[in-house]
Amino acid sequence: MIERVRAVLVTADDTILVIRRTKPGIPTYWVLPGGGVEAGDEWSGPGARNG
């Protein structure tokens, strides 16, 4: 199983960052930023590394 993480990023004016996904044949939807976690990564590592 591929491990994944998501992050909730809140700006100084209390908005959050979301990503709009568009794929052919699928209605548009929104997701939180995130991605895969590599073997040996700490759970807090990917967000801190990529943030």
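Keep in mind that what you see is a predicted model, and the values were worked out from it rather than measured.
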- Message: Hydrophobic cluster membership, with links at side-chain heavy-atom distances under 4.5 Å among I/L/V/M/F/W/Y: are V18 and V10 in one?
- Response: yes
- Item | W30-I26 co-clustered via ILVMFWY side chain contacts under 4.5 Å | no
- Give every residue pair that meets the side chain to side chain donor-acceptor pair (under 3.5 Å) criterion with at least one member in residues 15-27, sequence neighbours excluded. T11-T15, D13-T15, K23-Y29
- Item | Considering all heavy atoms, the nearest L32-L17 contact | CD2-O, 3.9 Å
- Query: Honestly curious: do V31 and V5 fall in one hydrophobic cluster under the side-chain, below-4.5 Å linking rule?
  - Reply: no
